[in-house]
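As structure tokens, the structure follows; a few thoughts come after it.
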Amino acid sequence: MTNLELAWALEEMGDLLEIKGEEPFKVRAYHRAARSLEQFEEEASVLFCRGELEKIPGIGKNLAKKIAELLETGQSTFLNNLRREIPSGLRQMLAIPGLGAKSVRLLYEHLHVTTLDELEEAARSKRVRQVPGMGSKTELAILRGIELLRETQEKIPIGIARSLAEMFRRQLLALPGVERVEVAGSLRRGCEMVGDVDLLAAVRPGNEVLEVMAGHPQVKEVLAREENHLCLRTWTGVKVEIFLVPPEKYTVAWFYLTGSAEHRRKLQELARRQGKDPAACGLLDRLEDEGIKLDEEADIYRSLQLPFIVPELREGRGEIEAAVAGLLPRLVTLEDIKGDLHMHTRWSDGLSSIEEMVAAARQKGYAYLAITEHSRSLGVARGLSVEKLLAQQEEIRSLNRKFTDITILAGIEVDILSDGSLDYAEEILASLDLVIASIHSGFQQSEEQLMARIEAALRHPYVDILGHPTGRMLARRRPYAVDVGRIIELAAETGTILEINSSPDRLDLTAEAALRAKEYGVPVCINTDAHDCYHLDDIWYGVTTARRAWLEPQDIVNCWDLDKLQARLKRNRHKR
DNA sequence: GCCGTTTTCGGCCCGACTGTTTTCAGTCG
């Protein structure tokens, strides 16, 4: 069992205990341990062999015992008992915004609802308001929440899909007879939400891949099984499809499974216009091979006199026309990123020191990074008082004297308060190298109020970047009521940079909005918002989103040299 | 549940907002 699987098990235990009404601190211990396992570098199974599970932060005697059982048997008696005790539908209800464990338990006790369907019915028939402490607004929130869940039902955020895919990929590769395994489908195209995880394996005859994978401990049920195809559902509810092909058919199958269907259709059209047989170009309508042998995907495009089109662009949104005209963008890559401009440290709610963040940034080959803590009003995140902010600037200055290979920018993620003012006075903001303004409160305000706040922030002379512009959380929270188009116009007018927040929970701006920003000439920056040094790796999600938005290095300020970036920041402050 | 220059008990992030009340509990970031 991997750390990720263990973390999921602990997470579920925590959720179920919370619904049961366990002590909040105990519940939090489970959730904290799950986070800790996810981020722990070494595999718990290795530590277990050495009897060192308790070296993982947040894992004590009790949790170590539960993890040991999971590692030894793939099962947990404790979790199985909890699952028997608490209907699984109750845990799903926790995902409804505004419903916590207490409310879920109350609904269960009073209305005996155990599934989302039953809860929806109870809300529709106005029975929820009979529960003490609940009224019509709660009913509405439940109905809206269920609607949100339904929209994303069967779909999971890219971050979860990618971890799961990597886990299955590694395990497939370890099986005899497996030569190659790659991710395909919408996950390979970098979509923010994916319906299932598609994996394609090149296999030799006589392998037992399907037998082994069908019995995998993560697998709850086998949805379909054919000669060369297995469709599974994991305990976490994710659909995983595994396709097997002989090595010589790999390229065509990988291309086919990557999609999108629209991209394939347009390529077929092009082939016909060129008087070619689509099948002979590897553009089959189905997965079965027709004896076409191609070494790599580029051969498929080459046969149509096209340059290679990367998976992120294969959506049938003009990429083929651009390829024909020789106008494909030179998309941003991870190597183009020269720095990360949004991260937190132990000074506020981060887990690493500034020096640890610097070391991690150096490891990535960055030339610069910005430390941007939360501002004073965000108490929950230990937002910095003016005194602490100044003290941190002093530490950053001293570190900058010490390091010659990398530059630390003293920044802030300042809250845009409910009235549109910023959380520090102008002279404080003026003393910083970089100011990100973000909304962390008053999500429920009207579009008028929210837009007035954002406009005020964008017009502020010292705001350089608007952080996570819409506030959406994938599969968890809709964007707050903002007009993204108007934000982009205002950014263009005021010279404000818009953030692509790379956190796989956010991806905000979306690829669509980032593309629109580019059309308006608004530069973006791709930031991780990391709260520890490991999450600087989340930059991959932001870069992938930017690639889906057709962005090139010149469109992204943290692909620029430090001189150019600083000149831009300075010039913009003078302009306003 | 975990953890310890507060060390084997007693803390553990805390304040704003919302919806429901009529003084507050639950949720969220």
Side-chain angles (χ1 to χ4, degrees), chain A residues 7 9-37 40 53-67 76 78-79 82 93-107 109 123 128-145 344 346-351 373-385 388 413 415-419 423 438-446 449-450 467-468 471-473 476-478 480 501 503 505-506 508 529 531:
Chain A
L10 291 181
E11 186 78 22
E12 189 179 345
M13 290 179 201
D15 285 351
L16 296 179
L17 286 171
E18 194 176 8
I19 295 169
K20 248 186 96 172
E22 262 295 354
E23 230 198 299
F25 289 115
K26 186 192 276 194
V27 170
R28 229 176 59 193
Y30 280 84
H31 287 143
R32 211 172 31 203
R35 291 290 82 70
S36 176
L37 263 173
F40 202 72
L53 278 177
E54 290 179 49
K55 285 202 169 163
I56 303 170
I59 309 286
K61 261 198 181 56
N62 269 295
L63 288 182
K65 222 181 281 172
K66 293 188 172 89
I67 291 170
S76 162
F78 182 68
L79 180 56
L82 281 172
M93 293 177 197
L94 284 182
I96 298 171
L99 279 198
K102 295 235 169 95
S103 309
V104 168
R105 196 170 66 249
L106 221 52
L107 287 163
E109 284 168 359
V128 167
R129 63 185 66 177
Q130 297 165 1
V131 178
M134 294 190 183
S136 58
K137 291 257 177 80
T138 312
E139 273 170 359
L140 209 61
I142 286 172
L143 290 175
R144 267 207 300 256
H344 303 267
R346 280 204 278 271
W347 280 81
S348 64
D349 61 344
L351 300 172
E373 309 292 3
H374 288 293
S375 61
R376 57 185 170 184
S377 287
L378 210 60
V380 50
R382 295 198 295 280
L384 265 50
S385 64
K388 281 202 169 161
E413 183 183 16
D415 262 47
I416 304 171
L417 302 177
S418 291
D419 63 356
D423 204 9
S438 303
I439 286 184
H440 291 115
S441 62
F443 299 143
Q444 307 299 330
Q445 288 180 347
S446 67
Q449 288 172 302
L450 279 157
H468 42 76
R472 69 102 172 243
M473 303 283 265
R476 276 198 298 165
R477 192 172 76 202
R478 289 173 195 280
Y480 22 73
N501 191 293
S503 164
D505 291 330
R506 293 188 181 270
D508 178 16
D529 199 354
H531 284 66

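The sequence lines fix the lettering, A, B, ..., with proteins before strands; numbering per chain opens at 1.
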For atom C1', what is the distance between B:dT21 and B:dG26, given to the nearest Å?
13 Å

Taking B:dT20, B:dC12, B:dT27 as options, the one with an atom nearest any side-chain atom of A:K102 is B:dT27

Using a heavy-atom cut-off of under 4.0 Å over every strand shown, decide if A:F25 touches base, sugar-phosphate, or nothing.
base

Base, sugar-phosphate, or nothing for A:L99, non-hydrogen atoms under 4.0 angstrom?
sugar-phosphate

Nearest-Å distance for atom pair CD/P, residues A:E18 and B:dC28:
9 Å

What's the CZ-P distance between A:R144 and B:dG19, to the nearest Å?
9 Å

Base-pairing assignment for B:dG29 (Watson-Crick or G-U wobble, both under 3.5 Å):
B:dC14

Both A:L94 and A:Y30 contact DNA chain B. Taking the nearest nucleotide for each, which residue is further toward the 5' end?
A:Y30

Rounded to whole Å, how long is the line connecting atom CG of A:L37 with atom P of B:dG1?
16 Å

Over all strands shown, is A:K66 touching base, sugar-phosphate only, or nothing at heavy-atom distances under 4.0 angstrom?
sugar-phosphate

Per A:N62 side chain, nearest of listed nucleotides B:dC12, B:dC2, B:dT27:
B:dC2

Comparing nearest nucleotides in DNA chain B, the 5'-proximal residue of the pair A:F443, A:V27 is A:V27

Parallel, tilted or perpendicular: rings of A:H374 and A:H440 (30°, 60°):
perpendicular

Same-atom distance (P) from B:dT27 to B:dT20, integer angstrom:
13 Å

Can A:E11 and A:R35 be counted as an ion pair, charged N to O under 4.0 angstrom?
yes

Is there a side-chain contact between A:H468 and A:E413, using heavy atoms and a 4.5 Å cut-off?
yes

Quick one: label A:P97 by what it contacts on the DNA or RNA (base, sugar-phosphate, nothing), any heavy atom closer than 4.0 Å.
sugar-phosphate

If we take the P atom in both B:dC12 and B:dT6, what is their distance in whole Å?
13 Å

In whole angstroms, the gap separating P of B:dT18 from CE of A:M134 amounts to 18 Å

Roughly how many Å apart are B:dT18 and B:dT23, using the C1' atom of each and rounding to a whole number?
15 Å

Measure from the side-chain heavy atoms of A:R382 and tell me the nearest of B:dT27, B:dC13, B:dT20.
B:dC13

Separation of B:dC2 P from A:K65 NZ (nearest whole Å):
10 Å

Would you mind reading off the distance between A:L107 atom CG and B:dG26 atom P, rounded to a whole angstrom?
13 Å

Nucleotide N/O of nucleotides 14-17 of chain B paired with protein N/O under 3.5 Å:
none

Length of the line joining A:K55:NZ and B:dC2:P, which is rounded to integer Å:
17 Å

Mind checking if A:L378 touches a base, just sugar-phosphate, or nothing, with heavy atoms under 4.0 Å?
nothing

When all nucleic acid strands are considered with a 4.0 Å heavy-atom cut-off, which category describes A:A101: base, sugar-phosphate, or nothing?
sugar-phosphate

Rounding to an integer number of angstrom, what distance separates B:dC13 and B:dT8 when you compare their C1' atoms?
24 Å

